[in-house]
Amino acid sequence: MIAGPILLTGAGGDIGIALARVLREALPGAAIIGADCDAGAVGAEFVDSFHTLPRADAPDFLAALESLIAVTGARHVIPLAEAELARLSAEDMLAGELAGAAIISANATAVRTGLDKLVTAQVLGQAGLAVPESGIVGEDEPGHFDCIIKPRSGQGSKGLRFVARGEFDALAGDYRGNLWQRWLKDEASEYTCGVARFGAKATRSLCFRRRLQGGLTGRGEVVHDARLTLACEQVAEALDLEGSINIQLRMDAGTPVIFEINPRFSSTVGFRHRLGFTDAIWAIKARLGLDVGAYTPPVAGTRIERVAHEVIRPPAAC
């Protein structure tokens, strides 16, 4: 039995809202607590109580988090922001407990690999998976192809710059230290795939062909493709995966080319949960030593679409 309270950190935005709704639906008796460095974040409207924490890179972040756990009696902590995962990873705390609360995340190898996009390409490439040619602006020279320049760490489509090869040298000085990757241009063949593996259970995956909307998956459809399934299984093996992650890829000449790993629950967690891929619940169960149960994939062609949700907040809440 899963008992609360459950604390979601970095819970102010889309992922926190989606996961809070999932937990509310799946665990109606558990208190859902939210925390974020933004005291006015709208995610506060989707949890039972909401608290402010320092930024993950602040010296007092861990002490403040420990104090919050003690005050709220949280039994489980699910960090949702990559900065928080990076801090907990640096402290070797991902598989442990803080103030008696179990930290729910993917294993350290998966998190550390996914947090660094160059390391992602290197680790997966060494494991034989297809990845786009990648390098560091100012250190590595791209070949004769157009590029995407993006931060080496970070989430979503923030900070992307699409650069034609002929423009690269002139712009390189402005983006020194960022990551460049070969630009996979077929937008119609972009996929987001939830990948989960727990203990002796076989790797589970759920792949959506998607269209982006404001940096998030706006709409998509369930796809069953042996090439995608194999790529997900190979990623799990390469990372010795324990937990749940999300991978982003595009097809290139019939081959899945993985350009990013999100080593956390993603904004599609709500879609996945309602289609039977209940990875958030599986992760909590696995952390408690409980059986995660069976999984039946949804029907191929099932469509998903993100819609607006209106929230009215009194002045005091903001």
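For this chain, numbers begin at 1 and follow the sequence in order.
The aromatic rings of W282 and F277 sit perpendicular to each other, their planes meeting at more than 60°, with 30° as the lower class boundary. Aromatic ring pairs are classed by plane angle as parallel below 30°, tilted from 30° to 60° and perpendicular above 60°; the pair W183 and F162 is tilted.
Residues R161 and D174 are not paired through a salt bridge, judged by the lack of any N-O separation under 4.0 Å between the basic side chain and the carboxylate. Using a 4.0 Å cut-off between a side-chain N of Lys or Arg and a carboxylate O of Asp or Glu, R152 and D116 qualify as a salt bridge. A salt bridge is defined here as a Lys NZ or Arg NE, NH1 or NH2 lying under 4.0 Å from an Asp or Glu carboxylate O, and R197 with E237 meets this definition. The pair R112-D240 does not count as a salt bridge, with every side-chain nitrogen at least 4.0 angstrom from each carboxylate oxygen. With respect to the salt-bridge test (charged N to carboxylate O, under 4.0 angstrom), the residues R21 and E45 do not qualify.
The structure places CZ of R165 at 8.5 Å from CH2 of W180, a figure rounded to the nearest 0.5 Å. Once rounded to the nearest 0.5 Å, the distance linking CG of L7 with CD1 of I104 reads 11.0 Å. Rounding to the nearest 0.5 Å gives a distance of 3.5 Å between OG1 of T192 and CG of N246. Atom CD of E233 sits about 11.0 Å away from atom CG of L129, to the nearest 0.5 Å. Atom-to-atom distance recorded for R264:CZ and I78:CD1 is 13.5 Å, nearest 0.5 angstrom. In this structure, F208 CZ and T302 OG1 are separated by 8.5 Å, a value rounded to the nearest 0.5 Å.
Side-chain contact between C207 and L228 is present, with heavy atoms from C-beta onward closer than 4.5 Å. Side-chain contact check for V123 versus L239: some heavy-atom pair is nearer than 4.5 Å. H224 places none of its side-chain heavy atoms less than 4.5 Å from the side chain of V299. The shortest distance between side-chain heavy atoms of Y295 and L206 falls below 4.5 Å.
Counted within 6.0 Å of CZ on R55, heavy atoms from surrounding residues, nucleotides or ligands total 12 or fewer; the atom is thus considered open.
Between E25 and P28 the shortest heavy-atom distance is O-CD, 3.9 Å. What you find for L241 and A106 is that their closest heavy atoms are CD1-CB, 4.4 Å. Across all non-hydrogen atoms, the minimal contact from L85 to S105 is CD2-CB, 4.0 Å. L53 and F61 get closest at one heavy-atom pair: CD1-CE1, 4.3 Å. Nearest heavy atom pair, residue R306 against residue Q213, reads O-NE2, 4.2 Å. What you find for F198 and G243 is that their closest heavy atoms are CE2-CA, 3.5 Å.
Cluster annotation: I103 is not connected to I32 through the hydrophobic network of ILVMFWY side chains, with a link wherever side-chain heavy atoms come within less than 4.5 Å.
Of the options L8, I2, V47, a side chain to side chain contact (heavy atoms under 4.5 Å, CB included) to L23 is made by L8 and by none of the others. In summary, of the residues considered (L179, L160, N178), a side chain to side chain contact (heavy atoms under 4.5 Å, CB included) with I149 occurs for N178 alone.
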